[in-house]
Each structure stands twice: as C-alpha cells, then as structure tokens.
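Structure record follows, encoded as structure tokens.
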Amino acid sequence: MGEIVIEGLEKTFHATRVLHALDLHVAEGEFVTLLGPSGCGKTTTLRCVAGLETPTSGRISIGAQTVADGERASFVPPHKRRVGMVFQSYAIWPHMSALSNVEFPLRRRKQGSRAEQRAAAERALEAVGMSAYASRYPHELSGGQQQRIALARGLVAAGEVMLYDEPLSNLDAKLRVKMRDEVRRLHDEFGHTSIYVTHDQEEAFAISDRIVIMNGGRIEQAGTPREIFSSPETRYVADFVGYENILELGEVAADGTRAVAAGLPVSGLSGAQPGDAVAFRSGSVKPGTGDGAALAFAATPSREVYTGEEMLVRLTTTDGTELTARVPADEELPVDRSSAFHVAAADLVLLHH
Ligand SMILES: Nc1ncnc2c1ncn2[C@@H]1O[C@H](COP(=O)(O)OP(=O)(O)OP(=O)(O)O)[C@@H](O)[C@H]1O
C-alpha cells in the first residue's frame, strides 16, 4: 500500500543535471534515509516524491498511485499525494495556534468533518506529547516544541507516507537524540513508510532500516546501517563512513588472495583484482607484528591528537605512506622511531574498482 517506487528519476535545473537516473524502492513500512554531503541531491529527491519539484523525467509511485510520470507528463500536486512532510525550518504558521497548525492540512484538503479534523489533530498532538500546548502560538513555544508541532502536522497529513528533510538540524545535540528516537517510535506506531534526509551519519545509523548513500545525484550504495558501516563497496562510501586508511592495490596475485599496497604486502584477501583497494579503520591498526596479520609493517608515529579516551596517531611507513591509527590514550608509542604495526584480515575491506 504505502510503498514508494522511484524509477529513472532525473532532475535538471538550468541545464545542470542534479539527479541521474535514480532508482529506489522503499518497501511498505520501511524507514529509509538518504545520506550524503551537501549538494548530492538528497533534498531534490525528497521534494520530487513530495511533489514540490517536477521531475525532468522518470516515474514515481506511492502505493497504487503514480504521482509523477515524465513520459506521460502526468503530475499529482503535493496536497493530493497524502504524504506528511517535516522540514528543518518547521514551517508552521505564526498566526495559528498549535492545534490549528496541525489541523491545517486536513482543512485545506477538506478531508473529513470539522469534528473529525479536530479529533485527528488532537490525536497527533497527543502522539508527540503536546496536548497541553494545543492553544499556544508558535512564539510561545521552544524550538523543540515547535518541531513537535511540525511533526504532528506531518502525521496528520501523512496517510501512509512520511518525508523528513533534516527535521532535527535546528535542535541542540541532546534534544536531537531524543527527537530522533521519537520520530522512529512514531514511524513504527503509525505504520508509515518513511524517507528521511540527513547529512548526519550518527542520526542515519540510529534511525534507519536502510541507508542510501548519495554522491553527485547518484546512489553510491544502499544497505542496512550495519552493511554500510562494515562493508562499504566503494572508496567514496568507505571514506564517508570513516575508513581513514584506503590503500590502492598494486600487484595482485593471480588467485586474488595477496597483493602489494603502497609497497606493503597484503595477504588474506579474497577475490582481489587489479584496480581494487583495501580500506581499514584507524582503530584496526594495532601495535606489534601480529601473528599471521594480513598487513604488517614498520612505521614511525608522529602527530598525536587526543580525543579523550583515545589518541589518533599519524604513522609514516618506510615507503612514506601516511596512515592513521587510533590507540588507547594510555598506550605508550615510541614517537619518531620506527616500530611494528599490523592489521588483521577481518578488519580489511576490499573495495572494487
Ligand atoms: N531550485 C534550484 N535551482 C537550481 N539549482 C538547484 C535548485 N535546487 C537544488 N539545486 C541544486 O541541485 C543540487 C542538489 O541539491 P539538493 O538540495 O538536492 O542537495 P542536498 O544533498 O539536499 O544538499 P543539502 O544537504 O545541502 O541540502 C545542488 O547542486 C543544488 O545547488
């Protein structure tokens, strides 16, 4: 019912293509987050689903309804799509009470009787814990409370689909964590299908069933938070999710199990091919020669940065390659003197060309 299917979505602004043949299927009840740096096309994708942008080509359907079809030049306007939308800017009316703001989408659509509109708005206010503030005006509410009103208004408008565009970015860090749990709880409670846009990785990992990493108007990788975090497929995703060390493979053995990367022998690989790279996190670099480690090398530590419990250390290998290691702050490393380090095979991720 509430599934969202995007096929071959393209969007061009003034001859600049910002979305390139995007395909995405969001299953009914799924919570999918579009994640990526500024300008990668997250908001444009979401706005196309909401009906706030007209796709240049491609097709979007929500449940059984085709809402945009470039080929047939058909387009359903936003208020006929039955989607709830929550923005970073709240976008609530300053001259309306909290309750009136929440009722607004139903009144605009002339959906239900006055009494039914009121009851739906009251239920939504209750769901976000704002019943006691129903008659307050936005200027009498804190930023977090205003965002709850925006959330309640989205829930009322939603039908089965909710779209969120950086809804928590204007809140302080503590409230952001609380509200993201709330957003996820409401998604589950209402049984919505949700698309959420953020550039905050931690938020994306915490809230989503599936994460879609976007790069330059294309989908780079889609997967569960665990898959994205521990099995990035491309250099872009590995870098984006914090693999500080990425080494290009030079010579690769015919059986694909061994290679040379930045002058260092690497073993324990599987299916490596010329043009591939290996990635590993700073925390995977351990001091010592490591028995049977996939990557063992000598390097000189320098430039330490304390991050509280840990220390980030720059390592320079004999070949001059720079790597980053993360060690407990109380670990003694012989600074400015070469010593042994290693990385286990299980901590290496192979990135294909
Ligand atoms: N109305 C518009 N007119 C012209 N260019 C636009 C318009 N809206 C977006 N763009 C461009 O499209 C590209 C994608 O923008 P979009 O807002 O989708 O990115 P985003 O990933 O959501 O970024 P952010 O995290 O900064 O919001 C950008 O290069 C942007 O400048």
Side-chain angles (χ1 to χ4, degrees), residues 33 35-37 168-169 171-178 180-181 198-208 211 213 221 223-248 261-269 277-351:
T33 295
L35 177 67
L168 311 181
S169 302
L171 305 178
D172 67 55
K174 213 169 147 196
L175 192 55
R176 216 155 54 215
V177 171
K178 192 167 166 222
R180 80 175 185 219
D181 294 344
T198 185
H199 60 261
D200 182 330
Q201 264 188 60
E202 194 196 319
E203 196 168 291
F205 282 116
I207 206 169
S208 318
I211 293 175
I213 307 264
Q221 188 176 348
T224 63
R226 191 178 290 267
E227 282 164 354
I228 297 285
F229 191 78
S230 42
S231 311
E233 288 167 358
T234 67
R235 290 160 181 79
Y236 180 85
V237 176
D239 181 49
F240 191 72
V241 300
Y243 283 74
E244 298 95 332
N245 303 297
I246 299 179
L247 301 179
E248 298 298 327
L264 310 171
V266 190
S267 60
L269 300 173
V278 284
F280 49 97
R281 293 180 184 279
S282 56
S284 306
V285 181
K286 310 284 184 208
T289 50
D291 211 7
L295 180 60
F297 56 94
T300 306
S302 63
R303 220 176 76 82
E304 300 168 352
V305 179
Y306 286 92
T307 62
E309 291 179 352
E310 289 176 318
M311 197 161 63
L312 275 181
V313 186
R314 168 70 46 85
L315 301 179
T316 309
T317 68
T318 321
D319 268 33
T321 301
E322 299 212 319
L323 300 171
T324 306
R326 185 185 296 265
V327 295
D330 53 8
E331 183 115 17
E332 293 281 328
L333 281 184
V335 173
D336 296 331
R337 196 153 51 78
S338 179
S339 53
F341 294 90
H342 67 278
V343 181
D347 292 333
L348 290 183
V349 177
L350 190 61
L351 307 172

Residues E310, R326; criterion salt bridge (Lys or Arg N to Asp or Glu O under 4.0 Å); working and verdict: CA-CA 7 Å; E310 289 176 318; R326 185 185 296 265; 3.4 Å; yes
Can L315 and F297 be said to form a side chain to side chain contact (heavy atoms under 4.5 Å, CB included), step by step? CA-CA 10 Å; L315 301 179; F297 56 94; 4.2 Å; yes
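Between T317 and L323 the shortest side-chain heavy-atom distance falls below 4.5 Å. Side-chain contact check for L350 versus L348: every heavy-atom pair is 4.5 Å or farther apart. At a threshold of 4.5 Å between non-hydrogen side-chain atoms, the residues I213 and Y236 count as touching.
Atom CD of E202 has 12 or fewer neighbouring heavy atoms from other residues, nucleotides or ligands inside a 6.0 Å radius.
Within the 3.5 Å criterion, the main-chain N or O of S282 finds a donor-acceptor partner in the side chain of E244. At least one donor-acceptor pair under 3.5 Å links the side chain of Q221 to the backbone N or O of S231. Side-chain atoms of R176 come within 3.5 Å of backbone atoms of L171 as a donor-acceptor pair (strictly under, hydrogens ignored). One N or O on the side chain of D172 and one on the backbone of K174 form a donor-acceptor pair closer than 3.5 Å. At distances below 3.5 Å, at least one donor-acceptor pair connects side-chain atoms of T198 with backbone N or O atoms of D200. Side chain of Q201 to backbone of F240: a donor-acceptor contact under 3.5 angstrom is found.
Of all the heavy atoms in D319 and G263, the pair that sits closest is OD2-CA, 3.5 Å. Counting all heavy atoms, side chain and backbone alike, P225 lies closest to F205 at O-CE2, 3.3 Å. Considering every non-hydrogen atom in both I246 and A279, the closest pair reads CG1-CB, 4.0 Å. Listed here is the closest heavy atom pair of V237 and P232: CG1-CB, 3.7 Å. Nearest heavy-atom pair, S230 versus R226, reported as atom, atom and distance to 0.1 Å: OG-O, 2.6 Å. When all heavy atoms of R235 and A277 are compared, the closest pair comes out as NH2-CB, 3.5 Å.
The distance from the CG atom of L351 to the CD atom of E248 is 8.5 Å, given to the nearest 0.5 Å. Distance check: N245 CG to D347 CG gives 11.5 Å after rounding to the nearest 0.5 Å. Note that the NE2 atom of H342 and the OG atom of S284 stand 10.0 Å from one another [nearest 0.5 Å]. Residue E203 holds its CD atom at 4.5 Å from CG of L168, rounded to the nearest 0.5 Å.
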